[in-house]
Structures are given as C-alpha cells and as structure tokens.
Amino acid sequence: MSDSSAKIIPFEIEGEEASSAFPFDMAEAVRMAEAILFASAEPVSEKALAARLPEGVDVRAVVLEVQRQYERRGVNLVRVADAWAFRTAGDLAFLMSRDAVQQKKLSRAALEVLAIIAYHQPVTRAEIEEIRGVETSKGTLDTLMETGWIRMRGRRRTPGRPVTYGTTDAFLDHFGLEEIRDLPGIDELKGAGLLSPRMPANFSIPQPPADPDVLTDDEDPLDDLDLEDLGLLTPRAVDD
Amino acid sequence: MSDSSAKIIPFEIEGEEASSAFPFDMAEAVRMAEAILFASAEPVSEKALAARLPEGVDVRAVVLEVQRQYERRGVNLVRVADAWAFRTAGDLAFLMSRDAVQQKKLSRAALEVLAIIAYHQPVTRAEIEEIRGVETSKGTLDTLMETGWIRMRGRRRTPGRPVTYGTTDAFLDHFGLEEIRDLPGIDELKGAGLLSPRMPANFSIPQPPADPDVLTDDEDPLDDLDLEDLGLLTPRAVDD
Amino acid sequence: MATTPAKNAVPMERLWSENEESRGVSEPSLVVDVDGFEGPLDLLLALARTQKVDLSRISVLALVEQYIAFIEQARRMRLELAADYLVMAAWLAYLKSKLLIPKLPGDQGESGEEMAAVLQFRLKRLEAMRDAAARLVNRNRLGRDVFARGMPETVIVEKHNEYTATLYDLLTAYAAQRQRQAVSTVQIAKRGVWSLKQAREVLTRLVGDVQDWTALDHFLIRWMTTPEQRVTAIASSFAASLEMVREGLLEVRQDSAFAPIYMRGRQTETRRNREPADE
C-alpha cells in the first residue's frame, strides 16, 4: 500500500518515443492480444493467442509486454495454469467484494401478483386469488413487500375487513413510469402482441386510479390496531 | 454512506501528505476506476462509480482520464448514456468476429420499426404505422421488446392516451452510441424535416424544373439563417 | 427479380438484401407478386425506385400510373389484395385526376400538387428510415464486432433493491396470466359437448361409490349444469360405460328398450355369480 503512492506509469504505446522501441506490428499485436484477452470468457493459452495473432508474431514476447504494461495498473495480466487472463490488481480486491449483492429475479408468480396489484389496486388478497385462479402463497406477498414496490394501503369495508394492497412510488421509479395510469391498456397490450387480439368481448383490464394514494370510498385507512394486527407495529414472534 | 466509505478507504487520511502536484488520490482513483470498469461486463454509471471511489473525487474527471489513457489501446472506454464500459476497439472487429455469438436476426419489418422508434421517439404505434403505411404485426413490437432495445416510455397526453415507445440504454450499448443524438444522420434527417410526423409547412419537393439551378418564383435564396435551420451550416447545441 | 437495392451507398446486411430480392417488381413487364411488400407505401417506394432518379425528382404522375397498372394486373390475375392496397389505388386515382385537371379558382381542399408533395414526403421519410435502419445494423455492434469483458469479476449493484424486473417482464406476466384465465373461463362457459374422455373420467370417479344398481341418469344429473348438456352427456357416458364394461370395470343393465340404464361398479368375486350383466 505504501508503494501505491507511485504514479501510474502511462501506457507506453501512447508516447511517440516509446513506440520506437518496438516495430509497429509489435505495438499492434499488443493491442490485439489485449482485446482477445479482455473479451475471452476464460484464460487464453499462448497457443490460442498464436492462432489469432498475425503469423510470425512472437506470442510470448507480446504477452510479456502486455503483462509489463499492466503491471501497476488497476488490472493485471496474470498467468493461470498455462494460460493468461486479466484480473483486478490484488490491492484493489476490496473494490470487488464490496456490496456484491446478487440481484434476484422475481419469480413468475411474484410478477403476476405484482402486476395484478398494479392494475387492480386497491385489491385484496382474495381478489388477487380470484383473478389468478390459484392461491397466493404468503411468501410471494412477503417477497413483494420486501421489494418495496407494494404496500398495504387500507382495509376494505366488507365483512372481515380485508387488507387492500397497492403500489408505491418506488414501483413507479423502478419501472420507469411517471404515474400509475401510464400502465398500458388493453389496446396497447394487444398492439404489442402481448395479448391475443381475440379476447372475449367481456374481457377488460382495469384502469388504475389517477391518484393511487387516495383511498377509495370503500376503504378505511389502516389504523394502529391494524398495524399491530399485521405485525407492522410491534414485532411479534411470527412463525413462518 | 459517508461513514461506510470512510472505513473502506483507509489511505484517505494519509492523502494529505502524499499529495504533491497531482493529488495522491487522483492517480489512485484512476487505478480504482479502471479496476471497477474492467471488472464489469455491463456499463457502470457515474453514480455507482462515485459510491466506490474515495469521497470528493471528481468522477467525471477520473473517467475521462481513464478514457484518454485507453484511447488507442485494444480496449476502449466508451460512454453509454450516463454510464461507462470497456469495449474492444472497433477497428479490431475483424479479429474478434470469431467470438461472435450467432444472434437472432431481426426481420426487415422489425428493423424498420426499430429505426423509426429510435429516430422518432417518443413515438406511438399509430405514428409508426403512419410512417410505414402498414399495420405493425402483433409480434413485431413484442420481438423488439424482447431484445431489450425498446421500451414503453409513457403515454402521450392526447385523447386516448396512447403509449409511446422509445429506446433503452441497452440499445445505445448494443449499437455503440453514446446517446440518441449520435444516431447516424439524425441531424440531417431532422434538418430535412424527415423526422416530423406531418409534412412540415416548408417542406416541398419541387417537380423537377427545367433548369434545377434556377429558383422558382416562390423561392428565396437560402441565407445563412436557413442553412443553420437545416442543420447544414453549424451544428448548434440543441436540446431536443 | 429485378429490384436493385437502390441504396448502394450503404452496405447492406445480408438479411436486408435477401428480403429485397424476393420482392416482386420488374420492369417493364411488371411481374406481380404482392407478397414481398410491406404494404402499399412499400410497393410505391419500390416502383419509385424503378424510375432511377432521386425521390425528389420522380414523376408522381408516372408513379401513380405504375401503381394502378400493378394493382389492375394483380386483380386480373385474381390475386387477393389486402384492402390497404385498394384504398391506396383509389387515393392515387383521385390524385391523378387532381393533377390532370387544373385547380379552379375557389376550389376548396388540397391541390393535386400539395397531395403529390405529401406523397413524396411520405416516400422520402420511409426511405430515410430504411437507410437509417441499414446504417444502424451495420454499425459495430456489441457481441458481433465489439465485445464486453468476457470474465466479469463482480456484480456492480447500481440500485439498492435486491430484486430486478423490467416493465416488459411485468406486462408479459400480466397479459399471459389474464389471458390464460380468460381462455379457461371461456372454455368452461362454452363447453357444449362432453368428450368421451371427460365422461370416462366422471364414471371412473363414480364407480367406486356405487354398490347398487343405479340409473345412468342419476350419475349424470349431479354433473350437469345446463339442460343443453344433457344429451351430449348421456351419449358420451353411455359410450364410455360400454368401453368400461369391456374392460371389466363396470356392469350395466337395461330391462327393456328405452328403459333406464342401470350400472354399478364391477362386483367382487363372491357376489359376482349372482347377477350376470346383460350384454
């Protein structure tokens, strides 16, 4: 680390005077080797390099030159068995490990539920199940809550007072929508080839509300008691 | 965020003494940026870079310095919208073609629609059809969306609120464009009025006159202002 | 076919030209093949190119005549033409009349020249988009001419959320699932006929429950939702029951012609000899 205060050695190829050290095609061969090594999905053997570089090039010399040029840069050329590959400089490895969170793809079921919540909001769990025709596992809703894209917005004024779900601003943000009404309608889904042009006449897609933050007439706001019930206020032992 | 970077970048403290003419962390920041950009196959946004480089570093300056150093090498640093990525140099395409994965070829119709979306965005499906003079088959937009090159951007604030289409950053990345304004010939097309949904008032294709060099009665000679308007004289900074 | 791709300035990617070749205008005989064209405007553009001049210098009148001749020949050959082509032909015939008859003073509406200019604008704009598409696909493209790092070393997380999905994923999932539901609902609503397979499934499920002789109708009443399905349900289950008798799963009995048909599950060995089933 103390040594790293030394300035980066500029690539030699840049300097006019430096390029005179090698014949032109050596410099060009270095460029080629660099590109091949960079793009390859696995370490490249000298034999494989030789097959792609112009004939008569001293492959070993080219590789060693690439290695020398990258010696003190942020990436180095390293030898892996009898092949060569670029790797992050050892002292910068901390840059790579930092919050290397694996991005997860949403499952098909989660996408379906998310889309139904987006289009049909405010919507209860039972309504989601009615639309999908299958039961929605608790895990799916939990996952969606975890994304921050959906929220509990209130309770329906019907027996059982089921919780209603809706989308959040983070949802709009992630999917690049200005407002929830920008979700394409039935004609656009047909036009884009996502929906069959021959849907039954009674098939419809709801138009999401202009302002999704406003509760509808048949919704009550969630109150503290509800939040407690839902385990949002006081952490309770939940078996899951 | 400020405290987390403090514990990860230990050498910032000693930076004060180490810096001479060139601040110590600038040279080191170049190495770090190089490592981060090299490690990723996808373009890395300046925001993401900023989160990983020592605090107070001028990210844009660092990136431009990396770009300069790689200008003539076998890999170059290219800009894609507000992100940066290393890519093999374009003039080495002949060398790299053997790595090419066979890509699904788009139909002529799909390519045409892609070009129309790219040059006319934001554009509605009806406008695409007006330009092509034919209905867009159901699968075409779907196929294009599957490539990840186009997206639904929003809705036109007109009756019926039709969905508008535009291109994505993946489109820019794939076709090696820094931004939409870099589309080949876009200034000329705009200047010639060919990117208008309707025929511009000043657009007229004269019937071939007897002597094409002689101005007709309803023509004035072009002056500098016109040429500028047509994008023929000086490219002006125009935000479209 | 003789369409020369007119845009020689731009090297064409293969797929582009191969489509071009299969399209059908040749001069002067005008061999008709509408299939190769993407609509009337595309056909007009191809015809315009046969004039071998810049689009701004074509004779619109000649183009109109070419198009109309093309359409008329197609009709003589009884080719099915999409309505679009005929609408365009009608519009062009109108344009032709406008061009030939000088505009009268006080005449409302667009002049022939204005209409011709609009047509030329549209052709030019379409051609411009074609050229643009060709230039686009022939750029250095990622994964074909230029390459990304082959061995990426890390995942750079740009956003804070762990989950990722695109709007396209979302819409695809939604449309597919709504469609699936809608279609299955429709099938149930519209089902007018019991298939043999369905009837057999019903019977197989019921056979276990039935120890005593029961009228066939009795089984079915429980399954029928509408009177319209009665006939088909009875026919299919009867056929299915005969099949099951042959396989030894079921016994059936009918006391006289048109009398109710009784059936029961195949009895165990001990009870079997008591009442042999009628054939």
Side-chain angles (χ1 to χ4, degrees), chain A residues 35-44 75 85-88 93 95-106 108-116 118-119 131-133 143-144 146-149 170 173-177 183-184 186 188-190 192-196 199-200 202-203 205, chain C residues 38-39 41-42 82-84 126 129 133 139-193 198 225-226 228-229:
Chain A
I36 294 168
L37 289 162
F38 171 85
S40 172
E42 46 197 45
V44 184
V75 287
F86 279 118
R87 288 277 189 267
T88 305
L95 284 172
M96 300 302 117
S97 53
R98 185 170 150 202
D99 51 65
V101 181
Q102 194 66 44
Q103 291 224 322
K104 289 181 221 159
K105 281 213 147 192
L106 279 184
R108 176 116 202 139
L111 275 173
E112 278 179 23
V113 173
L114 176 61
I116 289 169
Y119 273 98
I131 294 166
R132 290 186 68 215
T143 303
L144 287 174
E146 214 184 298
T147 62
W149 296 335
D173 201 38
H174 182 91
F175 291 98
L177 298 164
L183 281 171
I186 191 165
E188 276 103 7
L189 290 176
K190 281 184 184 171
L194 298 178
L195 211 52
S196 157
M199 294 301 288
N202 61 356
F203 181 84
I205 283 177
Chain C
E38 298 259 351
L41 210 55
D42 186 30
D84 289 351
L126 180 60
M129 285 302 106
R139 286 180 66 83
N140 273 344
R141 285 163 65 180
L142 186 65
R144 190 187 73 170
D145 311 292
V146 300
F147 291 84
R149 177 81 188 270
M151 266 180 291
E153 290 178 53
T154 187
V155 182
I156 303 281
V157 182
E158 309 235 353
K159 285 165 190 151
H160 289 295
N161 43 38
E162 267 178 88
Y163 290 92
T164 166
T166 66
L167 184 60
Y168 178 65
D169 295 336
L170 189 72
L171 298 177
T172 311
Y174 182 67
Q177 100 83 25
R178 288 295 312 275
Q179 187 159 306
R180 210 163 51 231
Q181 280 304 109
V183 168
S184 59
T185 307
V186 166
Q187 275 176 350
I188 290 163
K190 282 189 176 169
R191 185 176 65 189
V193 179
Q198 282 171 316
T225 49
T226 59
E228 297 90 285
Q229 287 188 334

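So you know, we letter chains A, B, ... as the sequences are listed, proteins then strands, and number each from 1. In what follows, every heavy atom counts, from backbone to side chain, and hydrogens, waters and symmetry copies are set aside.
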Greatest number of heavy atom pairs closer than 4.5 Å to chain C - which of A:Leu189, A:Thr88, A:Leu114: A:Thr88
Region of C:Ala165 that comes under 4.5 Å of a non-hydrogen atom in chain A: both
Side chain, backbone, both or neither of A:Phe86 within contact of chain C (heavy atoms, under 4.5 Å): both
Short side-chain to backbone donor-acceptor contact, C:Arg144 and C:Arg139, under 3.5 Å: yes
Contacting region of A:Leu194 [heavy-atom separation from chain C under 4.5 Å]: both
Per-residue contact mode, A:Phe38 against chain C (heavy atom under 4.5 angstrom): both
Ring centres under 6.0 angstrom apart (A:Phe175, A:Trp149): yes
Residues C:Asp169, C:Thr166; criterion side-chain hydrogen bond (donor to acceptor under 3.5 Å, both in side chains); working and verdict: CA-CA 5 Å; C:Asp169 295 336; C:Thr166 66; 3.2 Å; yes
Between A:Leu177, A:Ile205, A:Leu183, the one whose heavy-atom pairs under 4.5 Å with chain C are most numerous: A:Ile205
Sidechain-backbone polar pair: A:Glu112 side chain, C:Gln177 backbone, donor-acceptor under 3.5 Å: no
Under 3.5 Å: donor-acceptor pair, side chain of A:Thr147, backbone of A:Leu144: yes
